[in-house]
Amino acid sequence: MSYRGRGRGGFQNNNNNRNNFNNNNNNNGVQSEIDQFNMANAIPVEILGWNGASMDDCVKFISRKCRITVSNAQVDPVSGVLKGYVRSMKEADELCTWSGVKFAGQSLKISKAISQNSLSNLGSISTPANGGGSTIETITNFLKSRYDPNSKLLNISSVQHDPLLVQQGFFASISTTSKFFPALMKIAADLKLDVESVDLSSNNLTDLTSVSSLAQTFPYLKNLALSQNNFNRIKSFEVWKHKLNYLRELVLINNPIITNLKSAQDLQIVTLEMMRNFPRLIVFNGEVVRDEAKLMAHLTFPFTPMQAMFFQDEMIQQVSTNFVTNFYSLWDGNRQDLMVLYQQESQFSMSVDSSHPHVIEVSTTSTNSNNRAYGGGNTSTDSPFGYYLNQSRNLTRVSNTKSRMSKLAQGQQDIFKQFQQLPRTRHNLLTQPELFSMESHSFPQLNGILITLHGSFEEIDAPVEIATVPSNNPSYNSNNRRFGNSTYKNNNKKFPLGKKSFDRTFVIISGQDGSMIVASDILMVRLFADGDAWNTTIGTGSPAGGGATATNVNVSSLNTPQGTSNVLAQPAGTAELPLDVKAKLNENQQQILVRILLETKLNLQYGIMLCEQSQWDYQQCINNFKVSVNSLPREAYVL
Amino acid sequence: MSLQQQQILQDPSQPIEPFLKKVLLSLDNQYSPQKYANVETYATQFAKQLKPSAAVIVNGKPIVPEQPSMPDVKLEFQKKWLVTPQTNHQLTSFDCHLIPGTGTFIVNASGKVRFDESGKNRLGENANLVQSTTAPASSNANRNIWGSWFGYDLTLVVDENVRNNDEMELINSFNYRFTFKPRDSVIQI
């Protein structure tokens, strides 16, 4: 074992360290001082188009290519923008000249961002009358007084004449003026204001520098008034290019940019530029500039409505959801018990898609940190696929016939061996159903069913067997070819564990005595992506076309259930209900509750409420759910 | 026996990669009047390897033929694909199994796809009511503005006959699913 390998392993296994490293906003001792120093001395930059690889990779790439260190890098969870700091304005200018450089298949867009969307700066706004705490309070009160929840309008016009703020000593110096708006945006984000329109009129703005954070805080903003300011250059709006992708109406009247126009042609140039910056702009200064219906059609993927779950019919729904629930309970529990499902002709293979787009890790202070901040394990210098690469049968990379065949497991023994070489996992099918999506339809060639499941899992432990682990060489393919399957045995090598996503396709058929057989099982493993791709309409009342039912059959045979769904040996999934809930319910009620949670995607509280109001009758629950679906609040669902 | 035939005998998965690439490329082809005689010629080249009776599911939504008496799922899919924004697919991973006794392959492919966000449709028409009168009608106006990458997963059931001819109607089922949606996408799904 080389020094290099040990060093890396030690670092990678220390999750706490990594989290601290990512968490730029922590306020303890030395780190806080460093942060303050950096804030005071550094120039913020923003980088887009970096997500072809990890954040760390991008920062390293810049360091290598441009010889500029981007420090305190973090990713804005809302916009996906990589934000960091460079040492001086000169460095920032130089870095901006690299904008457009190719990185991981995309062009990096690099720009200076003067705003600092961070609360840590708030305390430094000088408010002679009050300390830092009441500064936040003052801004909060100001925001509340300027927000109208009915029209979803945030009126921040003529801010510098606001008596409340003037009285508190805001805007006494240029420094506090420039910090005010980012602070305002940060607090607005924390208050989770639902804002569709913003009025920024009469604020003496000459460009967007001080207000650029608006686009990060309200990326779905529809209407924006910037009238009665001092905008005089079209170029100033490039800061928001493709950042306000839902902006429908923009008002710029009484700005030099409009009042100084000499001809209709000049106006046309300005209008076209605004249309380029804001892809959904329909109304500019009161004039309709695009055919809205046509534009919407051009910008919509027309296969709607999207459904997280698709089942060809009820029978297939029942069989496939039973199958998946049971399968994963054993996959996570004891994979040996799955072997009854595989026969001599059964096939299994696993492949890694390491370049699949994925969720980017963010600071753990993010509001939805539970979902996303799973640590830097997946973006570390060590491969997050260390336990997988040796087996990976990604056929775009494995071209050699021998390797292709050797990575395909056939028959119980081979398949079990491969199963044991994959990390031990947890699939939260019941507690986080929103992370999964599934399609299932008949496979007439074998009178079977084809099931494709997409979702995520947590790696909870290293594989039972660690066979041939490739070295740290990222080009694992060539490594495999060179060393085959025999060398580089190292049972002590540890790789970071984390969250992953996957797609898995099963062909299941009926065997003798009604038992089930998996004829084919293809697993694709990739970096973590949440369920956003199929949950866009979550909470709008659709019961999502079905959902996995929790009925179960005897796991040892996995019979195709025919009227057996109520006679269950071991109800699946009820184990995941909280103990205090279980204690109050009988077994039948637990099963109904699990089934309702899965099918309706309601959260536990609302699920129990629905069951209670429906006297614990499954059909009654479904009927009541359908009746009240449109009146249920968003919080009723698992989000 | 040619070398290629020998390889196919040993490794049945050989023909799948070029086939997959062909199908994805057909979905990404850009319309131009010079290249296609008419819009119909253009639309019918999208995934032409689909069987008219195929099971087609996109994002969990099945394609249901408009005329149940004469079901042509392939044509329905092609009509829909014609109104999707211009796409650009990349295949980053795939795997497949030849299922004994069925004459079919199960193929699972995954990769990334991005969309043109310029507001044009596939035929190059935009929704602008303000048109530039100064700039020459250069190719600039028709340039695609690619958005961020989505992730996709595609599961296909393909006839084994793909070994002999991958231009024929071979696809029995086509299940396409977005697996990752970028936050800054202009495209609504």
Side-chain angles (χ1 to χ4, degrees), chain A residues 51 78-80 245 265 268 271-272 275 279 288-291 294-295 297-310 345 347 349 351 353 355-358 393-396 401 404-405 437 439 441 445-446 450 452 454 501 503 505 507 519-520 522 524 526 529 532-534 536 545, chain B residues 7 10-11 13 16-17 55 57-62 80 83-85 91-97 99-104 106 108 110-112 115 117 119-121 126-130 132-134 148-151 153 155 157 173 175 177-189:
Chain A
N51 36 2
V78 179
S79 61
N245 287 339
Q265 215 171 55
Q268 191 191 56
T271 308
L272 286 168
M275 288 163 72
V288 179
V289 295
R290 278 187 177 118
D291 179 333
K294 217 170 169 181
L295 183 73
H298 290 181
L299 294 177
T300 303
F301 190 69
F303 296 86
T304 51
M306 167 164 74
Q307 296 184 152
M309 304 277 172
F310 167 75
E345 287 200 316
Q347 298 176 62
S349 51
S351 51
D353 184 356
S355 25
H356 207 81
H358 59 277
R393 193 174 184 258
N394 174 352
L395 296 180
T396 64
T401 300
R404 281 187 170 197
M405 297 316 283
S437 134
E439 303 89 35
H441 59 88
Q445 291 84 349
L446 279 180
L450 186 66
T452 304
H454 317 271
S501 283
D503 307 287
T505 302
V507 175
S520 160
I522 302 181
M524 179 88 66
R526 46 190 168 82
D532 269 11
W534 50 78
T536 315
Chain B
Q7 273 179 345
Q10 286 167 358
D11 173 17
S13 59
I16 299 298
E17 186 162 358
I57 306 155
V58 178
N59 283 339
K61 171 97 179 138
K80 280 257 186 193
V83 292
T84 61
L91 177 70
T92 52
S93 181
F94 84 95
D95 194 1
C96 64
H97 292 168
I99 311 294
T102 66
T104 55
I106 305 286
N108 187 260
S110 82
K112 44 192 187 177
F115 294 94
E117 297 185 340
K120 300 191 308 288
N121 64 9
N126 65 35
N128 297 358
L129 301 174
V130 179
S132 172
T133 48
T134 48
S148 303
W149 292 104
F150 284 66
D153 180 71
T155 309
V157 177
S173 104
N175 178 6
R177 164 75 77 184
F178 288 140
T179 49
F180 175 76
K181 183 186 159 213
R183 304 205 141 227
D184 61 350
S185 176
V186 178
I187 303 299
Q188 197 131 25
I189 62 168

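Just so we're on the same page: letters track the sequence lines, and every chain starts at 1.
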Under a 4.5 Å cutoff for heavy-atom pairs, which residue among [options] has the most contacts with chain A?
options	value
B/Q188, B/R177, B/K61	B/R177
B/T155, B/T104, B/V58, B/V157	B/V58
B/V186, B/N128, B/V130, B/I187	B/V186
B/G103, B/P100, B/S148, B/A55	B/P100

Counting only non-hydrogen atoms closer than 4.5 Å, does [X] touch chain B with its backbone (N, CA, C, O), its side chain (CB onward), both, or neither?
X	answer
A/R404	side chain
A/T505	side chain
A/P279	side chain
A/V288	both
A/L295	both
A/T271	side chain
A/S520	both

Can you find a heavy atom in the side chain of [X] that is under 4.5 Å from one in the side chain of [Y]?
X	Y	answer
A/R290	A/M275	yes
A/Q307	A/E439	no
A/T396	B/F94	yes
A/S501	A/H358	no
B/C96	A/L395	yes
A/R393	B/S13	yes

Fill in: Ring centres under 6.0 angstrom apart (B/F180, B/F150)
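No.
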
Item to complete: Would you give the length of the straight line joining atom OG1 of B/T102 to atom CD1 of B/I106, rounded to the nearest 0.5 angstrom?
Response: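 That separation rounds to 7.0 Å.
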
Fill in: A/F310 side, atom CZ; A/H441 side, atom NE2 - distance, nearest 0.5 Å
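Nearest 0.5 Å value for the CZ-NE2 distance: 7.5 Å.
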
Worksheet item: Would you say the side chains of B/S110 and B/D153 form a donor-acceptor pair under 3.5 Å?
Response: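 There is no such pair (donor and acceptor under 3.5 Å, judged by atom type) between the side chains of B/S110 and B/D153.
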
Worksheet entry | Interchain contact, B/D95 with chain A, by part (heavy-atom threshold 4.5 Å) |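 Interface part for B/D95: both.
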
Fill in: Contacting region of B/E117 [heavy-atom separation from chain A under 4.5 Å]
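B/E117 touches chain A through backbone and side-chain heavy atoms alike.
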
Fill in: Aromatic ring pairing B/F115/A/F301, orientation class (parallel under 30°, perpendicular over 60°, tilted between)
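Because their plane-to-plane angle is over 60°, the rings of B/F115 and A/F301 count as perpendicular.
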
With respect to chain B, which residue among [options] yields the maximal number of heavy-atom pairs within a distance under 4.5 Å?
options	value
A/Q445, A/R526, A/Q347	A/Q347
A/L299, A/L450, A/T452, A/T304	A/L299
A/A529, A/A297, A/P302	A/P302
A/E345, A/M405, A/M524	A/M524

